[in-house]
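Written out below as structure tokens is the structure these notes cover.
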Amino acid sequence: VKAYFFTEMPYPYVPEEVERALGSSRILVPNSYCDPVEMAELYNQYLDLYEYADDLGLDLMLNEHHETMTCLNSAISVTAGALARRTSGANIVLLGTPLPHRDNPVRVAEEIAILDCISRGRIISGFVRGVPTEIHPSNTNPVLNRARFEEAHDLVIKAWTTPGPFDWEGRFWNYRYVNPWPRPYQQPHPPIWITGSSPDNVPWVADRGYVFATFLTPYDWTSSLIDIYKRRCAEQGLPAPGPDRFAYLGMCYTAETDAQAQAEGEQLLWYLRRVRHPRFNAPPGYVSPLAQARSILGAAGKGYADSYETLQEKGIVMVGSPDTMIERIRTLYERCGVGHLLMMNHAGGMPAHQVRKSLELFAREVYPAVRELGATESQRAEQSVGLRSL
Amino acid sequence: VLFLHDLDYLNRTDYAFIQSLSERWRVAAPSHPGFGNAPLPEDFDSIEDLAYFYLDFLREHGPLHLVGAGFGGWIAAEVAIRCTHLIRSLILVDSLGIKVSDRTTSDIGDLFVVSPRELLEMCWHDVEIGEREMALPSPQHDEAELVQLLTGRRTAALMGWNPFMHDPKLLRRLARVDVPSLVVWGASDGLVTPAYGRAFAAAIPGARFAEIGAAGHYPYLEQPAAFVDVVRNFLSEVP
């Protein structure tokens, strides 16, 4: 299991009563609450944490959201650029670039190719549709979100792999001369990761052999999506995917003792406890009318409102001493078979020194014991791919 | 009479206003493609697709009196700016579709974002009537009815998300409408205000404007008798 450090780069200084009064932690909270001087401190603190994680031998993950105190990384290529120069060994997962929300997919292809060249091939390019609350900030059509995602994806991949210039006359984008400079450092292109939390897009991801990532889903939910991926591969006559084809994002915190981890790790819940924005969570057509009807009639969600204990039982939150963390990660691996653990190891106002201490303990005492989990199985899967192609 | 319906509306034929109008005229009130159970053709994604759909309908069933309410009013206006040969008269009721205010002021309430309660208050003079009559996607509907309502919202969003429920060129093109026209508005409509309705009427050559008291965005449901009177008086004068 490969481990990645992740912080959503929150702004933890908005008084709770402000978001309660507005009924939302996103979109409606006036940006006058965001002090640029505080933000300068925070951005540098967060980038320092990423650099420290690189020093410890961890890989890194970044994400992007808009108009929300929960995530101030509103331009993923910018922060990835800062890290591409200041880190040396880590892979940098962009998870992801919100394709349907970007106006110019060729520009996306250029940005990621630049990052890949600067980092000498350490970029993993995740593409996402963007959660429903991203619809309003970009004001892109929610009904066309998936169609835009797919066309932008096809265009970016073609821009990376087909010698330019070529024409593109699609539904959403038209170009007479697609010919982006530079090309990606990794050939034919950086690895692609795709997120999902429902069965909808799993076959699409499986057919392309991309890494499938789920965020903060309970064990059973995660493993059922991974099963769909594996079944799809079998149905399509594709080689069985190894654990390195699956990623999971959980909230993680390692401390000296279980008691200390429970106490300090509870700060991670800041993210889950933000006021959930029901008004912006269901733009029309973002999901099918049937799926939306079922959620109105009370279908279960991810359970962000669950107690600290329940969240731990579901595997969404993993906190503990090094021994406990080894156990938790083994459980995750055994129940779901994921080969990449994206560790949301910071949230809210958790002080930087605690994050550093936690990452350092993880790197020294947990990682060596779990790092090889699934590695051989992935290699076996790779070898079987090789055999088949012979 | 061809009646083009609005959003958040169950397209039933037993509404009092349809019954009353049917005493004098043959009334067609179809579900738009992509609303209720009517399928949306694969390549439909803009209001003009619905306009051309109804232009084809006119070729088959016209000439007729064209009435459009809310989102259906927007469709009716888009039909009328393209061709009026088979339209005897045009009636727009609390219609969406034009841009009036400056670029930092929206004319049309954000019906997809406000809470159901706020939407009721925006759309009805008497919220209690609204609670009975307005078909909002809430748990009081069963799954099949919810799917119908959400399908309509999906189609409206597909065609009217950005720019929001209007066509920036429609206001100017309304000058092309050359048939007797009436703009009817609920005096308490808070989704699109009577001032917006007056701008609609002002843009259509010779159009009359009629306000219906004690009614919001759905005057034909909230004050059916008054609504039918206004429509009947207007239509009886159309040559």
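First the proteins, then the strands, lettered A, B, ... as listed; each starts at 1.
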For A:Val143 against B:Ala157, the heavy-atom pair lying closest together: CG2-CB, 4.0 Å
Region of B:Ser138 that comes under 4.5 Å of a non-hydrogen atom in chain A: backbone
Under 4.5 Å from a heavy atom of chain B, the part of A:Ser288 involved: neither
Heavy-atom check, side chain of B:Leu150 versus side chain of A:Ile296, under 4.5 Å: yes
Atom CD of A:Gln236: over 12 foreign heavy atoms under 6.0 Å: yes
A:Gln292 side, atom CD; B:Leu146 side, atom CG - distance, nearest 0.5 Å: 9.0 Å
Proximity breakdown for B:Glu118 and chain A, heavy-atom pairs closer than 4.5 Å: side chain
Heavy-atom closest contact (B:Val113 atom, A:His136 atom, distance): CG2-NE2, 3.2 Å
Which of A:Ala282, A:Gly285, A:Pro284 touches chain B most, by non-hydrogen pairs under 4.5 Å: A:Pro284
Residue pair B:Glu143 / A:Leu290, side-chain heavy-atom distance below 4.5 Å: yes
Enclosure of B:Arg12 CZ (heavy-atom neighbours >12, cutoff 6.0 Å): yes
Atom CZ of A:Arg208: over 12 foreign heavy atoms under 6.0 Å: yes
Minimum-distance pair of heavy atoms, taken over all atoms of B:Val147 and A:Pro289: O-CB, 3.9 Å
A:Arg273 atom CZ, neighbour heavy-atom count above 12 within 6.0 Å: yes
Flag if over 12 foreign heavy atoms under 6.0 Å of OH, A:Tyr33: no
Nearest non-hydrogen partners of A:Thr140 and B:Trp161, listed with the distance: O-NE1, 3.3 Å
